[in-house]
Amino acid sequence: MKKGLLLTIGVVANFALFAQAPKVSGVRKVDLTNSNASRADAASVNFLASSAASQRNTNPTIATVGQHFSSSYNALTLLVSSSHCLTANQSLNAVMFTHRISQDWAPDPNVSSGYIQHSWTANYGTSWDSSYYADFTNLGNKRFRYPSGAIINPVGNTTIDNAVNVSSGPYTDGATTSPWKGYYNNYQMMVTGATTNTNVYTTNQPGVYPNDFPRISITSYDDSSAWVTGGLYRDAGASTAVAQGYRGATLMKAKMDNLGVINWSFDSIHPNLHTDGSGVVDAFTQALLGFNANGTVGYCVFFGVDGSQTTSATRSFLPIVYKTINSGTSWTLQPINDFSTIPIIANMLIPASDGQIKPWFDQSQGADVVVDANDQLHIVCAISSGASNHDDSLGFTWTLTGQNGATGRHYMYDVHTTATGWDAWMIDSLMTTSSSTGSIFVDGANSNALVETDARLQVSHSTDRTKLFYMWVDTDPSAAGGENVIPDLFGKGVDLTTGLATARKQFTTSQDFYFHYISNVALVNGTTYSVPATNSIDRSGAHDIATTFDHYFVNDVTFNLNEFNVIIGVNTIESEIGSVNTYPNPANELVNVNLNLVNGGNVSLALFNSIGQQVLVENRALTTGSNLVRLNTSELPSGIYMLVVTSAEGKATSKIVIQ
């Protein structure tokens, strides 16, 4: 039996163990409005009145979560994990968090909740500096919301005073009907007393580029640029998806000139999205964006149904990818890929009602993209099972149940381009699903409606982009009935040069690690990679997102080079009996063995431990061609095992790591 938490919160497949068939409980239409995740505040908060009565959160678990460094008037800055509110810069040894203004800012009669704040540290959390910029309350009551931020640092600069922070987001006037009126961007030198340079754009005005919610994937690059994506809508403030009329993505670029001035430019991409019978496009409304280190090769990624597709497998929510090789001057649509041909994806899915495997790329558990050192795109997300090929049901996925009626597991993947096409490896599986009935968070400004919690899957990369770090939150299913409501932080790293990964690591045990951000850049010191992280917890203890949230810096999320010692993805063996694929590797509760046999017949699959003892055996009558056998390894201790597959034609062996 595995020891400690590895048993309780280990990786479990979507399918019941002992090779039982999955339990299908029905289909669901994925709520794409969550990808817009917009709320309008009813009114600004008076800073002086609220700060006088403020109290620190006295929750005793806070001490284990990190160092308190700031706060915000509410949690609305934290809703969207793909905003990249947390970033880092190796040359400056700096980490910066962009958020709504602190509830505890020094008394200032003009400060209100619509101000935006940058908080940064150049000594990994020992001390912090900060700056803010105004919400233009006196210029038409424009209230800045949902900020995201990046650090533009010219190549060769190691002095933080010479770097620039940039940020952007939407603004509202607080109206109850169509509150979203436009957007803003800003830049400041990261030095005391620096001038703030803010642009405010009111949509539907002459000369204003149509751009809604520019807050996704903001990242800076070595050519002194930063990019962020927003949305193109008919009316972003409308209350229904049809009235909103999502049409595609805006691309906003900040570029520093030779005088240190930031100039902003705009572009847009209009994909050919499929529309269902009600007039709603089949797509998430967040386009993800990433470039290589020098900002020349980039990818803009939509999750949706391309309207030109005709096969069932590709009439699904798939990556719709646009690529640039000239720093965004032009973008080219890449061919839509059939991901049902990748075994590690297809073998974990349930066929749709027409019998076809339909991989369904999902942003509901968080999603991110990064471009590696070889200019290849990595898409990090969960993949679900599309349920139907009907024109009006392409947004439906199967809902699975697992052991003892618990909600079926979600599988998280790194799906990436290669020199010859697409490939993928499984990162891990989630033990729980997004909260629906058991969320501990409520929205006090919305009749205490429950706030859904998910895995907030994010990815961080080393500066040289040879190592990726996948981070997410999950809950012990025995404690929460299958819903991700009392989560802790988990992560894995992969070395793209060696193809080796770390085992899954658990970084917290406080069961309150939510509304967190992971820096899109990891910092390295010797052989240790540190992934900056923040966690935010409501001050009142009521878990009301409309109240003050305190921000904590977590400085012990680290990976060492000697931890990259296990194989990630599919392990393939070719032999006289055919081909044998094993995954995931490392494994935990279950090992999938895909056998493509030259001849069918009786096959033995045996696992041997490191001293040669047989610890598990399965005897199966299999057919010529493809077969899938699932081995239950939940009772085996962690370690290295040898899988021996024996048939009349001979043997094949493979090393498997069980963690």
Using the test ring-ring contact (aromatic ring centres under 6.0 Å, His included), find all partners of H516 that sit at least two apart in sequence or belong to another chain.
-> F513

Would a distance-only check, ignoring hydrogens and angles, find a side-chain to backbone donor-acceptor pair under 3.5 Å from T229 to L289?
-> no

Using salt bridge (charged side-chain N to carboxylate O under 4.0 Å, His left out) as the criterion, list what pairs up with R456, not counting sequence neighbours.
-> none

Side chains of T250 and D267 in contact at under 4.5 Å (non-hydrogen atoms) | no

Could you tell me whether the side chain of T397 and the main chain of S385 form a donor-acceptor pair under 3.5 Å?
-> no

Could you check if a side-chain atom of H461 sits within less than 4.5 angstrom of a side-chain atom of V371, using non-hydrogen atoms only?
-> no

Quick check: does any side chain N or O of S83 sit under 3.5 Å from a backbone N or O of C85, one acting as donor and the other as acceptor?
-> no

Modelled atom types, side-chain donor and acceptor of N186 and T196, under 3.5 Å | yes

Is the Y187 to W264 ring centre distance short of 6.0 Å?
-> no

Between CZ on residue F213 and OG1 on residue T285, distance to nearest 0.5 Å = 8.5 Å

Can you check whether S102's main-chain N or O pairs, donor with acceptor, with Q117's side chain at less than 3.5 Å?
-> yes

S72 pairs by side-chain hydrogen bond (donor to acceptor under 3.5 Å, both in side chains) with which of Q103, H551, R100?
-> H551

Hey, what's the ring geometry for F266 with Y201, parallel, tilted or perpendicular (30° and 60° as the breaks)?
-> perpendicular

Check: Q286 side chain, F303 main-chain N or O, donor-acceptor pair, under 3.5 Å = no

Any donor-acceptor pair under 3.5 Å linking the side chain of D362 with the backbone of A382?
-> no

Sidechain-backbone polar pair: Y299 side chain, V370 backbone, donor-acceptor under 3.5 Å | no

Start with the C-alpha gap between L450 and S435, add the side-chain angles, then the distance that decides, and say whether side chain to side chain contact (heavy atoms under 4.5 Å, CB included) holds.
-> CA-CA 9 Å; L450 293 181; S435 64; over 6 Å; no

How are the rings of W360 and F284 set relative to one another: parallel (under 30°), tilted (30 to 60°) or perpendicular (over 60°)?
-> perpendicular

Kindly state each residue pair satisfying salt bridge (charged side-chain N to carboxylate O under 4.0 Å, His left out) with at least one member in residues 285-298, sequence neighbours excluded.
-> none

Give a yes or no on this: more than 12 heavy atoms of other residues, nucleotides or ligands lie within 6.0 Å of atom CG of N204.
-> no

Give me the one residue out of I216, D368, L457 that meets side-chain contact (heavy atoms from CB on, under 4.5 Å) with S82.
-> I216

In terms of heavy-atom contacts, V305 and I320 come closest through C-CD1, 4.0 Å

Exam field: side chain S439 to backbone F441, donor-acceptor pair closer than 3.5 Å | yes

Between the main-chain N or O of D454 and the side-chain N or O of Q365, is there a donor-acceptor pair closer than 3.5 Å?
-> no

Residue pair T202 / Y171, side-chain donor-acceptor N/O under 3.5 Å = yes

Please examine the side chains of Q376 and H416, heavy atoms only from C-beta on, and report whether any two atoms are closer than 4.5 Å.
-> no

For the ring pair (Phe, Tyr, Trp, His ring centres under 6.0 Å) test, which of Y233, Y146, F144 pairs with W180?
-> Y146

